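Working notes for the structure below.
As the structure is a computational prediction, the values presented were derived from the model and not from experiment. The figures here come from the full heavy-atom set of this structure, side chains too, leaving out hydrogens, waters and symmetry mates.
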Amino acid sequence: MRLTQFHLATVKETPSDADVISQKLMLRAGMIRKLAAGIYTWTPLGLRVLRKVETIVREEMNRAGALELLMPSIQPRELWEETERWAKFGGQLLKIKDRKDGEFCYGPTHEEVITDFARGELRSYKQLPINFYQIQTKFRDEIRPRFGVMRAREFLMKDAYSFHLDEACMQREYQNMYDAYTRIFTRLGLRFRAVAADSGAIGGTGSHEFHVLADSGEDAIAFTSDGNYAANVELAEAIAPGPRAAATQALEQFATPTQRTCEEVAALLGAPLATTVKSVAVMGEQGFVLALVRGDHQVNEIKLAKIEGLGEYRLATETEIIEHLGAVPGFIGPLSPKKSITVIADRTVAAMSDFVVGANATGFHTKGVNWGRDLPEPLVADIRNVVEGEPAPMGTWSIARGIEVGHVFQLGQKYAKAMGAEVLDENGKARTMFMGCYGIGVSRIVAAAIEQNHDANGIQWPNAIAPFHVAVLPLGADRSEAVRAAAEELYSQLTAAGLDVLMDDRKGVRPGAMFADQELIGIPHRIVVSDRGLAAGQFEYRDRRAAENENWSREGLVERLMAKIRG
RNA sequence: CGGGGUAUAGCGCAGUCUGGUAGCGCGUCAGCCUUGGGCGCUGAAAGUCGGGGGUUCGAAUCCCUCUGCCCCGACCA
């Protein structure tokens, strides 16, 4: 591509409403332009990257045996009523009406449509297993879209759905997709990690998220020091500490007129935060529950929701807290509540002695508290987030940040059952199919790749998804016929070799501007053609990630470059 | 949905308090100059000051109203 034939839309000034680096760089490089909140136009430059990601995803899905199809983006309400998700999906579902007042939504996902398709198409176990996928624009009306295409409302997604006669077959395909995803992210040239994820209320035996590692990631991932296990922080198990020490202190209530948080109480006492216990009051299905974690820990809502009797719990209101405990929030604890309540202690809390809690009297806390002696033994469960460096089932936990770009999921029979998707087995008996679903955020990958690969000058694309592999920059082509001819010849050869080449043939553009644009848009390799170089019989090569130039002779240049790009 | 901002040239912003001929930087266009890190100089084009209503001799500026967008929070495969 000659730059004069292309639409380069770089800007010098950083857009003021961009709050993550990928969004800034995508706007400055002219890859995207915002049309409305969370809705973007992909420019020719940005689209080249998006298409490269899409192509790799498609090739690997095909290789894994999945079949591409394309479903409608507009879906009728009736289908969503069958799974009761018309109401349950919530505000993210963009609902629209046609001229006859028929109700539709813009598809945020396609379980209903594919299951409807499958129940019509699939009749015999002989047609199974089968895996259908599409790469398509989705819309989720996010409450607060932000971070550019990282969390846009309209986005490009690959979604696949597999159908099976039994669970074992579903699990085999799940593994097949897991392996395909590993190949995809490896080919994309990204540093990533597959992590065990919470499978939520749907249950099922498995779910993994694929995260691109980046400090700016929205999700915390926990992984063990031996590298063999990684989990969403929501799932990582906090193991029980050693046995409880014997009580040494007497129970003592003390005044904390203005100290409501564990931090404030610990500061007042001059004691470590880890000697305090935080009490979180919630209302579960079976009544009032007090969840206890150590002062320096955080309650994990997903773990808490899994406890028997809690289910769809919510935080207790101030009125409920006063009614059950007799004190206002900030001074509550498990000691002598006003009414009978359930106390659930985190494993760590259960192993504490001589600890500090709210006294259930406004303005007071109590120290020297001990299980068994001062209050009954609690129910014990793992209800907190793990923290950096603490013991894990194997080794110790480390915490990293990641951007979720893929998710594989064993759906089981949830949708097939709700929608009556059945096939006849070898005995002629109708059986509800098992399903798996597998998503990849294609447009999000573009942003995630930038979060992971950039410097002060701009983007540093991995070769596999760079909009162009190499930039040819002729310096002074306006006045040097030799430079112009050499650049043209090089451009032809590189293009003929199958590389994506961008030649900066703009008139009167100074070298500094050429370099700045090439670095901003992140072309991974550049070759400078100049009178100075030609006189020495050399071309100047620079890797986007390198600080220094290399002088390459004309001989073997194309091969040398190919080796760098194709690996 | 709650709270807080903001809307002025293609982009980024000042001007609004205290009403009186629409400004700056970047970009764009023309010319000169320059040619290894977003050069320099000269000139030019470009704005129903988010929409509607009101006050006033006169409104970007004051009042009312609507809308978009941004930030914080709650929420979220």
Side-chain angles (χ1 to χ4, degrees), chain A residues 8-20 23-24 27-30 33-40 85 88-93 107-111 138-148 150-153 155 157-161 197-202 204 207-211 218-219 232 234 301-302 314-315 403-409 411 437-441 444 456-458 473-480 483 504 506-521 526-536 539-540 542 547 549 551:
Chain A
L8 190 73
T10 54
V11 288
K12 260 192 237 177
E13 293 178 31
T14 308
S16 63
D17 59 350
D19 31 34
V20 289
Q23 186 184 12
K24 280 182 189 143
L27 287 165
R28 281 194 56 208
R33 291 288 182 241
K34 190 172 79 172
L35 180 65
I39 301 178
Y40 293 86
R85 290 212 295 178
K88 280 189 186 163
F89 207 88
Q92 280 200 25
L93 195 62
T109 179
H110 281 70
E111 281 84 5
K138 304 260 193 268
F139 193 97
R140 295 184 189 175
D141 198 358
E142 293 279 348
I143 293 169
R144 187 144 84 84
R146 56 188 133 177
F147 307 149
M150 191 105 95
R151 197 179 185 77
R153 293 197 291 174
F155 57 99
M157 183 170 174
K158 186 282 301 176
D159 50 327
Y161 307 88
D198 179 60
S199 47
I202 300 171
S207 171
H208 281 84
E209 292 169 354
F210 285 76
H211 286 259
E218 281 192 272
D219 299 311
N232 191 301
E234 294 159 351
E301 294 168 17
I302 290 179
R314 59 171 173 81
L315 290 178
I403 301 162
E404 186 189 345
V405 289
H407 199 158
V408 292
F409 207 95
L411 283 179
C437 78
Y438 320 94
I440 288 183
R444 178 180 279 185
N457 294 327
L473 307 184
L475 301 194
D478 291 347
R479 52 174 202 286
S480 168
V483 166
D504 195 340
R506 291 175 294 184
K507 299 251 179 270
V509 173
R510 302 169 64 88
M514 288 188 188
F515 296 148
D517 276 336
Q518 173 256 327
E519 286 163 2
L520 176 60
I521 68 178
R526 87 170 177 218
I527 293 175
V528 170
V529 183
S530 67
D531 275 324
R532 200 164 80 187
L534 291 177
F539 291 74
E540 200 174 281
R542 181 127 148 201
N549 295 325
N551 287 314

Between the protein and nucleotides 32-34 of chain B, list every N/O to N/O distance that falls short of 3.5 Å.
from   : atom 1 : to       : atom 2 : distance (Å)
B/rU34 : O2     : A/Arg510 : NH1    : 2.8

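At whole-Å resolution of the value, CZ in A/Arg506 and C1' in B/rG27 are 13 Å apart. Residue A/Phe539 contributes atom CZ, which lies 18 Å from atom P of B/rG36 at whole-angstrom precision. In this structure, A/Leu27 atom CG and B/rG27 atom P are separated by 19 Å, rounded to whole Å. For the pair A/Asp517 CG and B/rG36 P, the interatomic distance rounds to 17 Å; values are reported in whole Å. Taking atom NZ on A/Lys34 and atom C1' on B/rC70, their separation rounds to 7 Å, with Å as the unit. Protein atom CG of A/Asn551 is 13 Å distant from nucleotide atom C1' of B/rG36, rounded to whole Å.
Formation of a donor-acceptor pair under 3.5 Å by the A/Asp478 side chain with backbone atoms of A/Gly508 is found in this model. The backbone N or O of A/Pro145 lies less than 3.5 Å from no partner atom in the side chain of A/Arg151, so there is not a single donor-acceptor pair. Panel note: side chain A/Arg33, backbone A/Leu27; a donor-acceptor pair is recorded below 3.5 Å. Counting only distance, with no hydrogens or angles, the side chain of A/Lys158 and the backbone of A/Tyr438 share a donor-acceptor pair below 3.5 Å.
The shortest side-chain heavy-atom distance between A/Glu111 and A/Leu411 falls under the 4.5 Å cut-off. Here the side chains of A/Val528 and A/Phe515 are in contact, with some heavy-atom distance below 4.5 Å.
Interatomic distance, CG of A/Asp517 versus NZ of A/Lys12, reported as 10.0 Å (0.5 Å rounding). Here CG of A/Leu8 is found 5.5 Å from CD1 of A/Ile521. Values are rounded to the nearest 0.5 Å. One finds the CG atom of A/Leu93 at 10.5 Å from the CZ atom of A/Phe139 (value rounded to the nearest 0.5 Å). For the atom pair A/Glu540 CD and A/Leu473 CG, the distance stands at 9.5 Å (nearest 0.5 Å).
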Where along nucleotides 72-77 of chain B does protein come under 4.0 Å, by heavy atom, of base (B) or sugar-phosphate alone (S), with - for untouched nucleotides?
-> BSBBBB
Taking protein heavy atoms under 4.0 Å as touching, what does nucleotides 2-11 of chain B look like 5' to 3' if B marks base contact, S marks sugar-phosphate-only contact and - marks none?
-> ----------
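Counting any heavy atom pair closer than 4.0 Å across all strands shown, A/Arg33 reaches no nucleic acid atom. Using a 4.0 Å heavy-atom cutoff across all strands shown, A/Asn549 reaches at least one base atom of the nucleic acid. Within the 4.0 angstrom heavy-atom criterion, no nucleotide atom of any strand lies near A/Thr109.
Nucleotides B/rC26 and B/rU67, compared at atom P, are 38 Å apart to the nearest Å. The same atom, C1', is picked in B/rC71 and in B/rA60; the two are 25 Å apart, to the nearest Å. Rounded to whole Å, the separation between the C1' atoms of B/rA59 and B/rG20 comes to 10 Å. For the P atoms, the distance linking B/rG4 with B/rC57 amounts to 35 Å, nearest Å. Using C1' as the reference atom, B/rG40 and B/rG23 are 24 Å apart when rounded to the nearest Å. Between B/rU8 and B/rC24, the distance separating the two C1' atoms is 12 Å to the nearest Å. Rounded to whole Å, the P atom of B/rG47 lies 13 Å from the corresponding atom of B/rC11. Comparing the P positions of B/rG50 and B/rA22 gives a spacing of 15 Å, expressed to the nearest Å.
For A/Lys34, the side-chain contact (heavy atoms from CB on, under 4.5 Å) partners at least two apart in sequence or on another chain are A/Asp17, A/Tyr40. By the side-chain contact (heavy atoms from CB on, under 4.5 Å) test, A/Ala536 is found to be paired with A/Gln538, residues two or more places apart in sequence or in another chain being considered. Listed by chain and residue number, A/Phe89, A/Arg140, A/Glu142 satisfy the side-chain contact (heavy atoms from CB on, under 4.5 Å) test with A/Gln92 (two or more places apart in sequence, or in another chain).
For B/rG37, the base has a donor-acceptor partner in the side chain of A/Arg526 [N/O atoms by modelled type, under 3.5 angstrom].
Of the nucleotides present, B/rC26 is the one that pairs with B/rG10 by Watson-Crick or G-U wobble criteria, both distances under 3.5 Å. Both distances falling under 3.5 Å, in either a Watson-Crick or a G-U wobble arrangement, occur for no nucleotide opposite B/rC39. Pair assignment for B/rG2: B/rC72, on the basis of Watson-Crick or G-U wobble contacts that are both within less than 3.5 Å.
Annotation: of the two residues near RNA chain B, A/Arg153 and A/Lys12, the 5′-most nearest-nucleotide partner is A/Lys12. Map A/Gly476 and A/Gln23 each onto its nearest nucleotide of RNA chain B; the residue landing nearer the 5' end is A/Gly476.
Of the listed nucleotides (B/rG38, B/rC69, B/rU35), B/rG38 has the atom at the smallest distance from the side chain of A/Thr10.
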